Amino acid sequence: MTDNTPLFAIIVGLAILTTYLIATAPKTTAQERKEMEEDWWG
């Protein structure tokens with residue numbers, strides 16, 4: 001391939017990692033989200 005193969009591999013790896021983290025993230029309820037926002041904004 002060309003010289004940008006390592007860059008392509010990094011981008012694909014980040015996309016896979018992001019997809020994995022989104023898929024395995026614990027689901028938060030509306031109440032939990034509201035509490036987290038209140039904690040964040042004071």
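Predicted model, so just to flag it, every value in this text is computed and none were measured. Scope of the values below: all heavy atoms of this structure, side chains included, with no hydrogens, waters or symmetry mates.
In terms of hydrophobic clustering, with Ile, Leu, Val, Met, Phe, Trp and Tyr side chains grouped at heavy-atom distances under 4.5 Å, Tyr20 and Val12 are assigned to different clusters.
With values rounded to the nearest 0.5 angstrom, Ile11 atom CD1 is found 12.0 Å from Ile16 atom CD1.
The shortest non-hydrogen separation linking Glu32 to Lys27 is OE1-O, 4.0 Å.
For Thr18, the side-chain contact (heavy atoms from CB on, under 4.5 Å) partners are Ile22, not counting sequence neighbours. In terms of the salt bridge (charged side-chain N to carboxylate O under 4.0 Å, His left out) criterion, residue partners of Glu38 (sequence neighbours excluded) are, by chain and number, Lys34.
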